[in-house]
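The figures here come from the full heavy-atom set of this structure, side chains too, leaving out hydrogens, waters and symmetry mates.
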Amino acid sequence: MIHWLRNLLCGILIGAGAILPGVSGGVLAVVFDIYRPFMEILTHPKRALPKYWRWLPPLGLGWCAGFMGFAKGIAAAIDFSSTVTTWLFIGLIVGTVPALYREAGKEGRSAASWVSLLLCAGSVFAGLFYISRIACFSAEPNFWWYNFCGVLWGMGVVIPGMTSSSVMMALDLYQPVLEGLANLDFLVLSASLPGLLLTVFLLARLVTWCFRRWYSVAFHGTFGIVLASTLVIIPTSYRGAEEIVLSALCCAGGCALAYFLARLDQRMKMDDPA
């Protein structure tokens, strides 16, 4: 039961992370040690399903709850304070950074690994900064733009660090898509979900091949993306001392929750080392 609840909670957080601006569901999948099994299931289902089939029901239910069910809740939380909500997810990521760093170095750290880390961190930070601070393009919401949003969400699932919601905000698509999901709008669902699923299946094999062939380089690049995508979303303005205190409490709570999930993961591996 503890395995099921842990995976359900991780699925909820990963699904919610795909909705929250500046947070990548793929990054949360990496830091919760779910990314590689998920990619293995997508690329080699016959070999992976017998090994990981117990993960799928709680993760799938949790992801749907976080992505669909939490859309309205996250919208309300962002309306209350986007700063406090963002700090909660920053805490979740920061709490798992040590484990992610150890995982990146599991097969050694070469010069190419450090170059990959710096290049990925620098390019992601620069790209997100440009989108959020410089670009002023505004898209008119329609079927094709909603489909594009689905593609962005799919990239966020498969490519750790791809912060799809931030791109949508830069194009003025985030609010209408979020409202459409919260209200189960048929146009939004019929356009975005196929784009999401198709992107996941098309990119999964390529990304898995990169990790298998250049594990250390690819994982250090992922680590750089995690750092950059976390730094770029750190709030810089606050409405007062109360919001600062709430932000600190939520960040600490996120770190504590990440620590709790890491302990559950260790216990799972001890109970089932295979």
Side-chain angles (χ1 to χ4, degrees), residues 9-29 31-32 62 65-98 100 121 124-136 138 149 152-153 156 160-183 225-262:
L9 182 56
C10 287
I12 291 172
L13 292 171
I14 292 168
I19 295 289
L20 190 70
V23 179
S24 166
V27 165
L28 293 177
V31 298
F32 294 148
F67 187 78
M68 299 292 295
F70 271 51
K72 187 172 293 185
I74 293 175
I78 292 174
D79 286 339
F80 171 74
S81 176
S82 61
T83 300
V84 173
T85 307
T86 300
W87 271 111
L88 172 63
F89 277 79
I90 290 175
L92 283 169
I93 296 174
V94 170
T96 50
V97 161
L100 184 61
V124 168
F125 186 87
L128 290 177
F129 183 85
Y130 175 81
I131 290 172
S132 60
R133 304 293 176 87
I134 300 175
C136 299
S138 180
C149 292
L152 288 177
W153 270 321
M162 175 65 189
T163 54
S164 53
S165 297
S166 297
V167 179
M168 294 179 208
M169 291 188 72
L171 298 175
D172 289 334
L173 292 170
Y174 180 72
Q175 192 66 28
V177 170
L178 193 64
E179 291 176 355
L181 291 176
N183 297 322
I225 292 172
V226 171
L227 296 178
S229 60
T230 303
L231 287 173
V232 80
I233 65 170
I234 292 177
T236 56
S237 61
Y238 301 88
R239 290 181 292 190
E242 181 181 354
E243 190 171 60
I244 294 175
V245 172
L246 285 175
S247 297
L249 290 175
C250 283
C251 183
C255 287
L257 180 57
Y259 175 78
F260 173 71
L261 291 173

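- Contact record, Ala121 with Ala228: O-CB, 3.2 Å, taken as the closest heavy-atom pair.
- Taking Trp87 as the reference, Tyr238 meet the side-chain hydrogen bond (donor to acceptor under 3.5 Å, both in side chains) condition, with sequence neighbours excluded.
- Here the closest non-hydrogen pair linking Ser237 and Thr83 is O-OG1, 3.8 Å.
- Annotation: the span from Thr85 atom OG1 to Leu246 atom CG amounts to 10.0 Å, rounded to 0.5 Å.
- Sequence neighbours left out, the pairs with a member in residues 243-258 that pass side-chain hydrogen bond (donor to acceptor under 3.5 Å, both in side chains) are Ser81-Glu243, Arg239-Glu243.
- Scanning for salt bridge (Lys or Arg N to Asp or Glu O under 4.0 Å) contacts around Glu242 gives an empty result, with sequence neighbours left out.
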